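Just so it is clear, the structure is predicted and the values come from calculations on it, not from any experiment. So you know, we letter chains A, B, ... as the sequences are listed, proteins then strands, and number each from 1. Reckoned from all heavy atoms, side chains included, excluding hydrogens, waters and symmetry mates.
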Amino acid sequence: MADSRNLSRIITAGIFLLLVVSWIIKAMSGMEASAWLNIRNGALTTIAAFLTLCIYSFLYGDNPFYRFAEHLFVGVSAAYWMTLGFWSTIVGNVVPRSFPALAKFFKISFNYELGTAWHFIVPLILGILLLMRLAPKMSWISRWPLAFIIGTTAGLNLPRYLQSDFIQQINNTFITLLPGWQGVGPFFSHLSLSASGQLVMISTNVVVFVGVVCGLIYFFFSKEHRGWFGVASRIGIWVLMLTFGASFGYTVMGRISLLVGRITFLFHDWLGIL
Amino acid sequence: MRRQIPLLLVFVSGVFMVIQYFVPSAFAERAYEFLIDWTIIIGIFALALGIWSLVRVSYNKIRTGHPDAMYSAITLAGLGLMIFFGFEFPGVSYKEAMRVTQAKDYIQSEFSGARDAAARRVFLPESETLSLRPDSIKTILTMAADSVAHWVDIFKTSHWFSGADLEGTNLAAIMTTTEQFKSISSQYTSVSPSDSMALAGLAGRVSEVSQQGIAAVDSLKNLSDVYPLTGGLENYWFIHFFDDVMIPIQATMFSLLAFFIASAAYRAFRARSLLSTVLLLAAFIVMARLLPMGPVTIGANKLTQWILLVPNLAAKRAIVIGVGLGIVATSLKVVLGIERSYMGRD
Amino acid sequence: MEQGRAQSKNKTFSEMLMSMDRRWVFLVLGIVTVGALLSKFTIKQSVTPEVRDIYNFVENLKPSDNLLVAIDYDPNAKAELHPMAYAILEQAMARKIHVITLTLSQNGAGLADQAVRDVVDSVATYDGFRPEYGKDYVFLGYRPYYALVILGMGQNFRIPFPKDYFGNVLDSLPMMKRVQNYDQIAGVIDITGSNVADAWIANANGRYGVKVALGLTGVSGADYYPYFQSRQIFGLMVGMKGAAEYETLTHNPGPAMEAMGVQTFAHIVIILFILIGNVGYFLDRRAQNKRARQL
Amino acid sequence: MLTASVSAQPANTSSADTTAQMQAIPPAPPVNVSAKDRPNDNGTGIVVKWDASPDDGAGRNNVVMYKVYRSLKPDAPFKDWVLRGQVPFGKRQYTYDDVGARDKDSKDYFPKGVDVYYRVAAVAADTFSVSGNSNAAVASDEWYNTTRTTVLVFVLVFFGFTLYFINVAKKGKTLYVRPLAGIEAVDEAIGRATEMGKPILYILGLGSASDIATIASFSVLGRVAKKVAEYQTPILVPCYDPIVLTVAEETVKTGYSDAGRPDDYKDDSVYFVTQSQFAYVAAVNGTMLRERPATNIYLGKFYAESLLLAETGAVTGSIQISGTDEIAQLPFFVVACDYTLIGEELYAASVYLNREPILMGTLKAQDYYKAFVIGVIALGLIGRMFAPDLLQAIFNIH
């Protein structure tokens, strides 16, 4: 037990020593320009590289370095969004538009010609009602703003999704099963496997049509998937699985690019050897 | 009552939004924009609740001596520092200092660029100066003047320069230079490309004027580029916590996917059943399009295209139609108050 | 469950293949990726016919034929599309084909200018002559309303582009004196990440019959294969892979081939691990069947 | 009709050009320029129509495009008319939608309720000619968007189906639902966690409280919370969105009180992490390795983090149940999880778990609607062959 502790201490010390050395090298590399600036930028890049390695250490397993980066990240990012929202939306827009006098008193820079927008009072009140959650006896009142948000967006979604995800998609499925059909005679006399040939185009459209219908049948909940219905549902799930496998394989390239980006950061931006 | 009022609120706001969809009038459009703005603002108040929850959980861990207590302290420290640095202390921000410094550099390079172009036109043989004809020098000069005017605006809005500093000699001198650029530029129109004497004269004028401009910029007060506390969202530390803590961790977390996609493929792509074989084969074919194996690769490439264009289209459409229907159904249930599990009970 | 089996001491070979610790996968993938990246290893890509068609087209042009290269992308798509522009421009300029470049993307002028300058330098270094502006190549710059620009050039290049990027009147440039409209252009190669490609197909090819080929980003590429199949475009390069294939053809390894080298190695690693897992699975199942029969 | 051709402003304005100016003859101007209010809008649009110039595709055949100009004063000099847009050549008849902005501060502000006039210029290489004035038109806003009637019909049909089947279900008729493996696994997974004495990790995804996927996930969470309270198994619900957090708290608390154990609810079991995608994943992944939950449930909206979560969960040997309506992430869940609810199955999950007659009725209505859709698609195939224009008119919605 004691040995492994010492070992981990040695490893930790080694890692920090490496970081310091890399920082010094980084800072020295362009010294003549501006010493202070180089030391500073070198330190920032080294910190970023250290945090990058902390996260990669998760690939081995949970460890103190990962925990450190994780917890730091959580705190900083939570504050980041909070600060951004507070200063840019509440102080930067809502207050000057609903209480210009107050905003002018605090010298908030804003285009005051936009005039007072009293309607912003409503979300301010709803927001304060939401904060009532913190008072146990009044927490029921915080449901009002929740109800408002959920009601609004449900009403918003209802017709819009019906249009975009539903009617539009149905419309796109209105394909002709026999594109460029000129009769049975010409079809057989020009039979070919070329991609622009009629056979291929027709089979493509048929596959799309059958795929959509079978896919929909797979999603039937209140009918037993047996007999011909079961067969169609089976075809449906096959088409889905084929697609999922292909999408998975197709995504690999993009993910490797992300990794390449980080490796480039470590070896080029930080160590300068790529 | 405690349950009825929220349900009524859901119903009224929901029905209003549905009706709004069918009304193109400006009134309905404005109401829509208001409601969207409102939900954003309420969301920020909710964020305060989130922060409260985060602080409470972290604090409890520290208080009870949880094994992760030290790490929770790090979370709280990061949170506190970031909020502190984001606070709008009045003064020059880091970004503003960068902008002003940059503006100075750009103005100088515009001036010297115009000077050099004018000089080059005089000395280079005709064949190599197609891109530097007299009328293009004219363009370069007016463009330089316009872009300097743009950079000067940054000086004007900066907290750093006092009014006197700007209204006085420096800014005036810079602006005079741009005015002179414009007037010289109009003289280029009347010069023939082969009249090297006249060209040299103009180049000399440009050089003289730009020197004055550069001197004026040089005499502007210098800024330090770090202001540790001031600047709010543009504060030095706020920006660097974002750039050098958040961004690298975020990008690295994202890139872990490269490893996980590999391990998931190894772990799960087994030909256990017919269905999982379909999944496996599709992935295999698509990945094989990158192998350097000649005809196999080209075949895999063709098959990939076909899968992406045909079955993929069908499957996605089936899912989207189903999802669309599900969304509509659930929205309807929510608006009508049938689905109310999100509302809790007393 | 797999974890539990992994820890048991006496594992059969097939079980070992099936339940390797995933950290081995990570290690191999990491080493291979870093190694390929550091060594800048390039692999010759298997060339697809749609890319070869573009190459052959440029290769079969005579010197002083006019080729229009539209560099219609902005910095977002630079990583994927810049290598294509470089490879094509270099091939064409080295063969003394007259190249007209332009951009229909608002933020594309800087990129296009840079590409052209770099390629001129490169040709001067490696091919022993320096292409001359106005005689061997021209850069027309940017104009808004791409559909109108493409149509306008069908009437006369001087309608959308009275002057080039540097402010020269077109007729003052020797090679442009002989170019009025698409009739004098052997072909158009449009490199883009946006739907400018549609306008080239519909307006340049559809209305004026000029030959059009496309270089596209990986995201938008799949949508355009049908146009290749119906021969509305004579060639198609998609994404980093298409660019790498073109670099392979021109024997001019560049950033795309390097990037694809890493990708190819990573894909090989993943495919090998899938194979290992399945081999283990089949061996295991056979062993189990045997045991079942013995019992 | 005024047919004066204006050649005072040729396209080439620079007098420094060394090329000789071609003495170009302007094309004949376009004719029959008319303007009327743009229907179904918010009062900031006019539709301009005109017939092609005789020199477009015929005659001198030198028209390249048309430019549309607008003025409030019919007799203003042409230089004061505002250019509103351009249209390429090549048709016999043209329409141009002149759409502006509603906002008075905008550069593009469209004058409301007053007469506006249009003129259209036929533009050739170096010259152009301008048509006469259009009739006066007034932009006005409307109270019903007629192009959206199809949507209204679909909404009403769906509403009808739903009400009908709710009624049927209320009368006590039992409705069949096919088994969903992912849902049936939920109870089993809770039992397993109880046996192992380990917590259940419930992830609501990155959606906001108003995403339907999240709302569907809430109802499953309520059910899970109730079971968990009965078995006295700990549950962990880390949240990404603060509003989701408040709703999740309510839901879990309700689950506990439904099980008759309101005092067992711990405040720290539902908690906020951060509203940053990868920081959230980092924290949840850490939690998985430290707490080693027996069961991970991912239901809701998921993006790139889906595989990060599911692969880490697989290391700890948890049973993983997932479901999302994000099509791009389904492949990863399908590959890495034990059970996956695909798209619509996620929305149906709450019905499966609660089995309330009203909800069952809505599920049945959804199925009938799907059958209706398949019918519409089949009809559309026929319609596409015989009446493509009608189909276009019905399904083209703005």
Inset, instruction - Under 4.5 Å heavy-atom distance to chain B, tell me which part of C:Val28 shows up: side chain, backbone, both or neither. - result: neither
Inset, instruction - Using a cut-off of 6.0 Å, state whether more than 12 heavy atoms not belonging to C:Arg231 lie near its atom CZ. - result: yes
Inset, instruction - Could you check which of B:Pro295, B:Ala283, B:Gly294 has the highest count of heavy-atom pairs closer than 4.5 Å to chain C? - result: B:Gly294
Inset, instruction - Verify, without hydrogens or angle tests, whether B:Tyr266 (side chain) and C:Ile271 (backbone) share a donor-acceptor contact under 3.5 angstrom. - result: no
Legend entry - Under 3.5 Å: donor-acceptor pair, side chain of C:Tyr225, backbone of B:Leu309: no
Inset, instruction - Calculate, to the nearest 0.5 Å, the distance between atoms CG and CG belonging to C:Asn278 and B:Leu280 respectively. - result: 5.5 Å
Legend entry - Check: B:Ala264 main-chain N/O paired with C:Arg22 side-chain donor or acceptor under 3.5 Å: no
Inset, instruction - Could you look at C:Leu27 and say if it's the side chain, the backbone, both or neither that has a heavy atom under 4.5 Å from chain B? - result: neither
Inset, instruction - Look up atom CG in B:Leu290 and atom CE in C:Met260, then write down how far apart they are to the nearest 0.5 Å. - result: 4.5 Å
Legend entry - Minimum heavy-atom distance between C:Leu29 and B:Ala258, given as atom pair plus value: CD2-O, 3.5 Å
Legend entry - Inter-residue atom distance B:Met287.CE - C:Ile274.CD1, 0.5 Å rounding: 3.5 Å
Legend entry - B:Ile298 CD1 to C:Arg52 CZ distance, which is reported to the nearest 0.5 Å: 7.5 Å
Legend entry - Distance (rounded to the nearest 0.5 Å) between C:Glu245 CD and B:Thr297 OG1: 9.5 Å
Legend entry - Atom pair CZ/OG1 of B:Arg289 and C:Thr48 - distance to nearest 0.5 Å: 11.5 Å
Legend entry - Heavy-atom neighbours of B:Phe242 CZ exceed 12 at 6.0 Å: yes
Legend entry - Taking every non-hydrogen atom, the tightest pair across B:Arg272 and C:Tyr281: CA-OH, 3.3 Å
Legend entry - Proximity breakdown for C:Phe282 and chain B, heavy-atom pairs closer than 4.5 Å: side chain
Inset, instruction - Measure across B:Arg270 and C:Met18 and return the closest heavy-atom pair with its distance rounded to 0.1 Å. - result: NH2-O, 3.0 Å
Legend entry - B:Lys302 atom NZ: more than 12 heavy-atom contacts under 6.0 Å: no
Inset, instruction - Could you tell me which non-hydrogen atom of B:Ala265 sits nearest to which non-hydrogen atom of C:Ile270, and how far apart they are? - result: CB-CG2, 3.9 Å
Inset, instruction - Identify the two heavy atoms, one from B:Pro292 and one from C:Ile43, that lie closest to each other, and give their separation to 0.1 Å. - result: CB-CG2, 3.7 Å
Inset, instruction - Decide if atom CZ of C:Phe129 counts as having more than 12 heavy atoms of other residues, nucleotides or ligands within a radius under 6.0 Å. - result: yes
Inset, instruction - Determine the interplanar angle of the C:Phe26 and B:Phe259 rings, folded into 0 to 90°, and report it as parallel if under 30°, tilted if 30 to 60°, perpendicular if over 60°. - result: perpendicular
Inset, instruction - Would you mind checking which part of C:Leu275 comes under 4.5 Å of any heavy atom in chain B, side chain (CB onward), backbone (N, CA, C, O), both or neither? - result: side chain
Inset, instruction - Check the pair B:Gln305, C:Glu50 against side chain to side chain contact (heavy atoms under 4.5 Å, CB included), reporting the backbone distance first and the verdict last. - result: CA-CA 13 Å; B:Gln305 283 158 27; C:Glu50 54 269 26; 3.6 Å; yes
